[in-house]
Trainee: 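Provided herewith is a single structure, encoded as structure tokens, for subsequent inquiry.
These figures come from a predicted structure and were not determined experimentally. Within every chain, numbering begins at 1; the chains are lettered A, B, ... in the order of the sequence lines, protein sequences first and strands thereafter.
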2 protein chains.
Amino acid sequence: MAPRSALKRQVNRLPPERRISDIMAAAKQVFAEKGYNDALITDIALRAGVVEGSIYRFFANKRELLVKVVEHWFEELLQEDAEQFAAVRGSWNQIRFLVYNHLTSIRRDPALSRLMFQEIRPAPDYRGSRLFDLNRAYTHRLVDVVKAGIASGELRPDTSPSLVRDLVFGCIEHRTWTFLRGEGDYDPAETAEAITNLVYRGVALDEPTSPMESVVARLETATARLEAAAGIAPAKPNSPGPR
Amino acid sequence: MAPRSALKRQVNRLPPERRISDIMAAAKQVFAEKGYNDALITDIALRAGVVEGSIYRFFANKRELLVKVVEHWFEELLQEDAEQFAAVRGSWNQIRFLVYNHLTSIRRDPALSRLMFQEIRPAPDYRGSRLFDLNRAYTHRLVDVVKAGIASGELRPDTSPSLVRDLVFGCIEHRTWTFLRGEGDYDPAETAEAITNLVYRGVALDEPTSPMESVVARLETATARLEAAAGIAPAKPNSPGPR
DNA sequence: GGCGATGATGAATGATATTTATTAGTGCCG
DNA sequence: CGGCACTAATAAATATCATTCATCATCGCC
């Protein structure tokens with residue numbers, strides 16, 4: 001066939017790992033700035049210093065690139081606070097820690113959180129994907145907390161751990177949509193405290209009694225309010241649940 | 001310029017209202033079946049018996065068409081159960097009614113619910129849109145329930161109504177994602193009961209006591225289970241209704 | 001029964017993701 | 001050393017839609 005061009009071509013000779021990470025870094029920026037649909041492969045290629053076609057050597061298509069970028073972010077998220085969490089004692093403090101952490105993660109990376117909620121999770125191939133497993137591990141910490149709380153006799157034995165998980169993470173996501181659309185802000189400490197109190201009352205046999213642990217306390221910006229609320233609570237034991 | 005075609009054209013002469021409703025009906029089907037992105041204007045036009053260009057006489061673009069379709073659906077949803085709800089007494093029953101209704105609406109129209117959650121709500125122009133107002137009205141009923149419950153002394157005075165709203169609707173949406181992706185199902189009655197009990201305990205001064213009202217009971221698909229659970233609850237009459 | 005006005009038509013346009021023919025490098029074998 | 005085959009980068013071409021617009025069918029009016 002006829003030659004397509006007579007121009008001399010510049011060839012990018014960086015090693016593949018480097019080009020991949022350049023592409024992913026560029027993609028992360030562009031997806032975050034413009035969202036999935038408005039992010040152009042051309043933009044990403046330009047910012048990564050490669051040409052469109054090169055992206056397709058490493059990623060099957062635009063969506064796979066998105067998935068890889070979000071996976072990478074989520075993996076970091078998951079590791080970040082594992083040892084901190086291990087030090088927290090008591091159901092109330094543990095729930096609060098996880099709520100606070102989630103609120104903080106969303107606030108730190110609203111654009112990627114949005115991509116996760118809006119583009120990744122609703123997709124029909126989400127279940128079975130790596131991100132599904134990662135997210136499961138992430139939210140499962142709360143399930144374990146509830147199970148442990150039941151086992152130790154602190155929480156009602158008829159509590160459904162997965163329902164608590166949906167209650168907590170659902171509430172957080174619902175509450176953060178305004179922020180995710182760029183229309184407002186929230187105080188993670190204050191919000192975490194309010195959510196935790198409400199949920200804890202729903203699952204505990206007694207009102208919160210665990211001492212505020214230092215790990216958690218350090219995260220607080222509204223400690224005074226918290227202690228006031230803890231003082232109010234009437235300590236009335238509950239009847240055992242249905243079934 | 002040169003004529004574009006020598007073929008005789010068939011002209012659709014239905015009245016505009018009819019063509020608009022045909023287009024919206026077709027769009028509703030196609031969006032529901034394929035989702036926003038994979039729905040082609042060509043498909044919609046074909047199914048509506050009009051030509052692509054005609055759609056643009058009535059709708060500025062594909063997205064406006066989507067918004068109008070979802071608005072239409074949501075408006076019906078909002079009216080449907082207003083008088084039913086008015087008959088429900090007691091915070092527990094009211095919360096349960098709203099939760100049950102939402103779970104049922106999602107289950108009845110998963111595709112449109114998805115479009116609402118995935119395409120409409122995250123958009124930057126959502127706030128200020130008609131759907132924002134409609135959704136606000138929809139969820140505000142729960143806010144009113146909580147406010148009334150506080151006023152009547154049934155619920156804790158330090159309860160945040162908007163937090164309860166986010167807790168409840170967030171939980172429901174989180175819990176329904178599996179179903180929305182077409183991967184499972186749930187029993188609205190059972191789920192509503194579980195959510196309501198958990199949330200109610202978090203906000204109530206005492207354990208749930210309202211009798212199951214007939215309006216709610218009629219909606220049940222798992223009546224037996226519900227009544228068993230109700231049998232357990234200590235029968236203590238409630239303070240009078242809202243306001 | 002011609003004459004504008006109205007609005008329906010569907011081919012053209014434009015924007016983008018993706019594919020592919022082509023070519024720049026790279027190293028091996030003679 | 002110098003062609004030669006292989007790999008991988010390039011950018012032009014293609015494919016897929018949403019959207020626009022020049023044209024024309026139809027209707028009401030005279």
Trainee: Starting at CD1 of B:Ile55 and ending at C1' of D:dA18, how long is that distance when rounded to a whole Å?
Mentor: 11 Å
Trainee: Take the protein atom CD of A:Glu17 and the nucleotide atom P of D:dA8, then report the distance between them rounded to whole Å.
Mentor: 12 Å
Trainee: Send over the distance from B:Arg57 CZ to D:dC21 C1', rounded to a whole Å.
Mentor: 12 Å
Trainee: Using atom OH of B:Tyr56 as one end and atom P of C:dG10 as the other, report the distance to the nearest whole Å.
Mentor: 16 Å
Trainee: Salt-bridged, B:Arg47 to B:Asp43, with N to O below 4.0 Å?
Mentor: no
Trainee: In terms of side-chain heavy atoms of B:Leu40, which of D:dC17, D:dA9, C:dT9 is nearest?
Mentor: D:dC17
Trainee: Check this one for me: any side-chain N or O of A:Ser54 less than 4.0 Å away from OP1 or OP2 of D:dA9?
Mentor: no
Trainee: Scan A:Ala45 against the nucleic acid and name what it touches under 4.0 Å (heavy atoms): base, sugar-phosphate only, or nothing.
Mentor: nothing
Trainee: Quick check: do A:Tyr126 and B:Glu183 have side-chain heavy atoms less than 4.5 Å from each other?
Mentor: no
Trainee: For the residue pair B:Thr139 and B:Leu98, establish whether any side-chain heavy-atom pair is separated by less than 4.5 Å.
Mentor: no
Trainee: Starting from the C-alpha separation in whole Å, work towards a yes-or-no answer on side-chain contact (heavy atoms from CB on, under 4.5 Å) for B:Trp73 and B:Ser113.
Mentor: CA-CA 10 Å; B:Trp73 166 69; B:Ser113 303; 3.7 Å; yes
Trainee: Counting any heavy atom closer than 4.0 Å, what does A:Ala60 reach on the DNA or RNA strands: base, sugar-phosphate only, or nothing?
Mentor: nothing
Trainee: B:Ile23 CD1 to C:dA8 C1': how many Å, rounded?
Mentor: 11 Å
Trainee: Tell me: CG of B:Asn61 to P of D:dA18, nearest whole Å?
Mentor: 11 Å
Trainee: Round to a whole Å and report the spacing from CZ of B:Phe58 to C1' of C:dG7.
Mentor: 8 Å
Trainee: A:His102 pairs by ring pair (Phe, Tyr, Trp, His ring centres under 6.0 Å) with which of A:Phe85, A:Phe97, A:Phe169?
Mentor: A:Phe169
Trainee: Report yes if at least one side-chain N or O of A:Arg19 is closer than 4.0 Å to OP1 or OP2 of D:dA9; otherwise report no.
Mentor: yes
Trainee: So if I take every side-chain heavy atom of B:Lys62 and compare against C:dT18, D:dA18, C:dT9, which nucleotide ends up nearest?
Mentor: D:dA18
Trainee: Hey, which sits more toward the 5' end of DNA chain D by its nearest nucleotide, B:Val11 or B:Gly53?
Mentor: B:Gly53
Trainee: Nearest whole angstrom, please: distance from the P of D:dT16 to the CD1 of B:Ile41.
Mentor: 18 Å
